[in-house]
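Each remark here refers to the structure printed beneath this line.
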Amino acid sequence: MFKLKPLSPDAIKAAHEKVRQYRALNEPWEAESICRDILETDPNNHEAHIQLILALSDQFDDKLGQALEELKRLIASLSNDYERAYYAGLVTERRAKTQLARGTPGAGSVAYEGLRKAMEYYENAETLRPAGDDNAILRWNTCARLIMENDHLRPEPTDDPSPMLE
């Protein structure tokens with residue numbers, strides 16, 4: 001249909017700034033498009049990979065299912081274990097919050113499980129983090145507070161077929 005026009009290598013720095021601006025304006029689709037342009041010109045651009053992960057997870061409301069497989073591939077391609085753990089946590093946390101916001105029956109327990117899984121990723125990232133980088137701790141605390149402050153965020157009740165003995 002259309003042949004996309006390539007971004008010049010000299011424009012990559014300014015394009016990254018536009019990605020940040022569009023994400024700040026809550027226009028993740030535009031940020032995603034620019035990240036894809038950067039990656040067409042520079043397939044190994046680390047910042048563009050990170051920003052694409054963030055832009056795709058910003059759009060979970062619109063395309064939750066479509067984005068998950070691509071997000072898994074992008075996270076797996078990150079350069080180190082810390083980033084893989086941290087961004088897996090971030091995506092898992094955002095997915096859980098999206099499911100909670102949808103308010104479907106059982107959303108509280110689904111979101112709880114997602115937040116707990118995100119916290120596991122963050123705990124892993126915490127052990128791998130570079131000195132002075134407490135982002136995984138900050139995210140873990142955010143998940144913990146969300147769970148503690150919302151009574152409807154609880155694990156799915158288990159049906160124990162055996163009667164309680166007293």
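Along the sequence shown, residues are numbered consecutively beginning with 1.
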Please identify each residue that fulfils side chain to side chain contact (heavy atoms under 4.5 Å, CB included) with Ser77, with sequence neighbours left out. His49
Without swapping roles, check the side chain of Asp42 against the backbone of Ile38 for a donor-acceptor pair under 3.5 Å. no
side-chain hydrogen bond (donor to acceptor under 3.5 Å, both in side chains) with Asp58: which residues, sequence neighbours excluded? Arg23, Arg94
Across all chains, not counting sequence neighbours, the side-chain hydrogen bond (donor to acceptor under 3.5 Å, both in side chains) partners of Asp37 are none
Please list, chain by chain and in numerical order, all residues satisfying ring pair (Phe, Tyr, Trp, His ring centres under 6.0 Å) with Tyr121, sequence neighbours excluded. none
Under the rule for side-chain hydrogen bond (donor to acceptor under 3.5 Å, both in side chains), what residues qualify as partners of Glu27, not counting sequence neighbours? none
For Pro6, all residues meeting side chain to side chain contact (heavy atoms under 4.5 Å, CB included), sequence neighbours excluded: none
Co-members of Met148 in a cluster of I, L, V, M, F, W and Y side chains, linked at under 4.5 Å: none
List the residues meeting side chain to side chain contact (heavy atoms under 4.5 Å, CB included) with Gln21, not counting sequence neighbours, and say none if there are none. Glu17, Lys18
Applied to residues 72-89, the salt bridge (Lys or Arg N to Asp or Glu O under 4.0 Å) test, sequence neighbours excluded, yields Glu69-Lys72, Asp81-Arg84
Those residues that, when tested against Ser109, pass side chain to side chain contact (heavy atoms under 4.5 Å, CB included) (two or more places apart): Glu156
Between atom OG1 of Thr41 and atom CG of Asp10, what is the distance when rounded to the nearest 0.5 Å? 10.5 Å
Is it true that, when you exclude Tyr112 itself, more than 12 heavy atoms of the residues, nucleotides or ligands shown sit nearer than 6.0 Å to its OH? yes
Pairs in or reaching into residues 128-148: which pass side chain to side chain donor-acceptor pair (under 3.5 Å), with residues at least two apart or in two chains? Tyr82-Asp133, Glu93-Arg139, Glu123-Trp140, Arg129-Asp134, Asp133-Asn135
Supply the atom-to-atom distance Leu115 CG to Gln99 CD, rounded to the nearest 0.5 angstrom. 9.5 Å
Salt bridge check, Glu47 against Arg20: does any charged N sit closer than 4.0 Å to a carboxylate O? yes
Pairs where residues 106-118 contributes a residue and the test salt bridge (Lys or Arg N to Asp or Glu O under 4.0 Å) is met, not counting sequence neighbours: Lys117-Glu120
Report the distance from atom OH of Tyr87 to atom CG of Leu78, rounding to the nearest 0.5 Å. 8.0 Å
